[in-house]
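Below is one structure; the comments refer to it alone.
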There are 2 protein chains.
Amino acid sequence: MSRSGHAASVKDVAAAAGVSLGTVSNVLNRPERVSTSTRERVEQAMAELGFVRNETARQLRAGSSRTLAYVMLDAGNPFFTDVAHGMEDAAEDADLSLFLCNSNHLPEREAAYLGRLEQQRVQGVLITPIDPEHPLLEELPARGTPVVVVDRTRDVETHCSVAVDDVHGGRIAAEHLLELGHERIAFVGGPEAIGQVRDRLAGARLAVEAAGLPPSALHVLTTDALTVPQGRDAGARLLARPARERPTAAMCVNDVLALGLLQRCVGLGLDVPDDLAIVGYDDIDFASAATVPLTSVRQPRHLIGSKAAELVIDEAGDPGHHHEQVLFTPDLVVRASTRRPA
Amino acid sequence: MSRSGHAASVKDVAAAAGVSLGTVSNVLNRPERVSTSTRERVEQAMAELGFVRNETARQLRAGSSRTLAYVMLDAGNPFFTDVAHGMEDAAEDADLSLFLCNSNHLPEREAAYLGRLEQQRVQGVLITPIDPEHPLLEELPARGTPVVVVDRTRDVETHCSVAVDDVHGGRIAAEHLLELGHERIAFVGGPEAIGQVRDRLAGARLAVEAAGLPPSALHVLTTDALTVPQGRDAGARLLARPARERPTAAMCVNDVLALGLLQRCVGLGLDVPDDLAIVGYDDIDFASAATVPLTSVRQPRHLIGSKAAELVIDEAGDPGHHHEQVLFTPDLVVRASTRRPA
DNA sequence: CCTCCGGATTGAAACGTTACAACAACAGAG
DNA sequence: CTCTGTTGTTGTAACGTTTCAATCCGGAGG
């Protein structure tokens, strides 16, 4: 392969092989139409020149690209990387590439990525948006770029979405604690602006009500974010209460939060699960790797991703596509962090 | 914005605004050359038609794209996402987009991504390769696509690399334990095929030697991978030894491994750090969030990423670029998981 | 010997953008 | 009035690929 001047083009290959540029293209795209001898000659020329097809030009001519993109909310959260994993597998099956973009909770960055992706004419965009109401989420599909919303919902006609039933998830987490006999349960999470926080809380309330307990059985401990430090802080606030009226169990909106809570509580001398039972949410790998393995609500992460990718691929390819709102049901994984109250 | 037919092009905008297509291009690229009134007319037409610049065509004409890509080894490992973070920031400063690709330890997927990225003519590729000796890593730069190797090294003339001094990291981890007075230290990690495992072990051996202890003071516990389950397994093997000859401290190649080890040891009734001190490596967020916060070797993750991105940007832009092998020095973060032996 | 056929190959047009030389319009200087 | 700028606008030629109608050629059928 030569490094001379600029990258070799079909024209250069054609010249080197002594054929027309149309023939080179045929070798690339419809090899069966080319005689064996010329094909070999062309292939050799390509190898010698180190020819690399210019996807940009192909795409311009063809109008379509071979890539999907997932704009993720937080690449540092294992939940989202597992979702991305599912997408990758589906993309690979369809012979597409998946590019990951990390908005990292920054609205400007999210908008910038969406803009670039639309300009690049990607086949479709998967996104876990910072704000599901953002107008761009309607504009892209209106202009022809399919968008699938992942792990959020919005009942709107412009796109498909794949999410998980958070009310149900909150409910089964609370039910589990109630069945164990806990009657004072802390709900840890926030801010309430986040849809999942609201939904999971609503589910927990349903469970409390169904168990015939008063709403006050649920002690809401609001946090500023779903992070480890906020979990630690919630732990400190919990411990500040007199033991008599302190909840005997806590359910967290997030495993990450639960890990912070667990750390602080154990650090301050509480026994988990005997003094305080803890339920997390998401079932990230680190939840089962905690010193006291966490009971957690598991979401079908891989499936969320692969289903979302399938939807966006379908929308891009099938003119008769009709939008779909998929809702998966989470389940509970019981581990050592929950037990009957002492 | 109209959704009629196909996406609006500069030509459509020009027609709608009653100007030539060159003028539209000027509005886009050199607005100062256009009179205010025509500019406004063109801008209005663009808004009405929902014009989105076709980056593909721009790029074909310009020859250069506005994107970088990072082919990461394992998007589920927080270390790499933090590195990616640093790259994002540097890319944003240079007004480039960063696409993340997850090879996920699969050689075919890594090769597929490299191929597509080269075809897309990205400005540059950042990669933490599965195998630093892979021939593609030389071919891309030879054909004109800059490649920077991240968190691996290879003394070769074809590319820059950014890595961390693993021998030094292994050394300071071991020194810390030795200074605390530990004389039987387990080294947990593997397989040895991984360069970092070899280097960190070498560093640990240097420290032991410098402390005047025999090489046998270091008990090597080889694992099959750097994962939580492997850490648990190592813990079980450690505990199987009679207490008298059991190491009083362990240093792990990885925090993830260390978390598994911690979990199993505590689960089997050992006190950490009193019965067993543990040092991790990478200082991932979950290391400080563990029930017993982990002492760990910290690498400048963000800096690794931003430096790597700067190098690749420089190589892409500056014809006089000369390759550079950057080596950062890690440091130790002491937390509750290490203490003087009982 | 002419015609026709089918496979192999070619040449030109098109995709949407940008750059650039050329041009128009008009003002002010001489 | 002409000349010289200046300012704004236009038309056209690329960029590298794919597609498709047109052509070429050798051989089979009449």
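Chain letters run A, B, ... following the sequence lines, proteins first and then strands; every chain starts at 1.
At whole-Å resolution of the value, CG in B:Asp12 and C1' in C:dT17 are 13 Å apart. Whole-Å rounding puts the B:Glu32 CD to D:dT6 C1' distance at 15 Å. Rounded to an integer number of Å, the gap from A:Lys11 NZ to C:dG11 P is 13 Å. C:dT9 atom P lies 15 Å from atom CG of A:Leu21, rounded to whole Å. Rounded to whole Å, atom P of D:dT17 lies 10 Å from atom CD of B:Gln119. Atom CZ of A:Arg53 is separated from atom C1' of D:dT17 by 9 Å (rounded to the nearest Å). In this structure, CG of A:Leu60 is placed 17 Å from P of D:dA14, rounded to the nearest angstrom. In this entry the distance linking CE of A:Met46 with P of D:dG16 reads 17 Å, nearest Å.
Judged by atom type and distance alone, B:Arg61 reaches the base of C:dT18 through a side-chain donor-acceptor pair under 3.5 Å. Taking 3.5 Å as the limit, the base of C:dA8 and the side chain of A:Arg33 contain no donor-acceptor pair of atoms between them.
Exactly one residue among A:Asp82, A:Val326, A:Val164 makes a side chain to side chain contact (heavy atoms under 4.5 Å, CB included) with A:Ile304. That residue is A:Val164.
Where B:Ser37 and A:Asn29 each meet DNA chain D at their nearest nucleotide, the meeting point lying more 5' is that of B:Ser37. The nearest heavy atom of DNA chain C to A:Thr38 and to B:Arg30 marks one nucleotide each, and the one closer to the 5' end goes with A:Thr38. Where B:Ala62 and B:Asn26 meet DNA chain D, the nucleotide closest to each residue was compared, and B:Asn26 sits on the side nearer the 5' end.
Among the heavy atoms of the strands lying under 4.0 Å from B:Ser9 are primed sugar atoms or P, OP1, OP2 only; no base atom is included.
Take B:Asp89 and apply the salt bridge (charged side-chain N to carboxylate O under 4.0 Å, His left out) test, not counting sequence neighbours, and it matches A:Arg109.
Using the six-membered ring where Trp is involved, B:His302 and B:His85 have ring planes that are tilted, between 30° and 60° apart.
Judged by distance alone, the side chain of B:Arg121 and the main-chain N or O of B:Glu118 form a donor-acceptor pair under 3.5 Å.
Comparing D:dT10, C:dT18, D:dG16 by their closest approach to the side chain of B:Thr23 singles out D:dT10. Picking from C:dT10, D:dT17, C:dT17 the nucleotide with the shortest atom distance to the side chain of B:Phe51 gives C:dT17. Residue B:Ser35 has its side chain nearest to D:dT9 when only D:dT19, D:dT9, C:dC15 are considered. When the nucleotides C:dT18, D:dT18, D:dG16 are ranked by their closest atom to the side chain of B:Arg58, C:dT18 comes out on top.
For the pair B:Gln59 and B:Arg66, the minimum side-chain heavy-atom distance is 4.5 Å or more.
Taking side-chain N and O atoms only, B:Asn54 has no distance below 4.0 Å to OP1 or OP2 of C:dT17.
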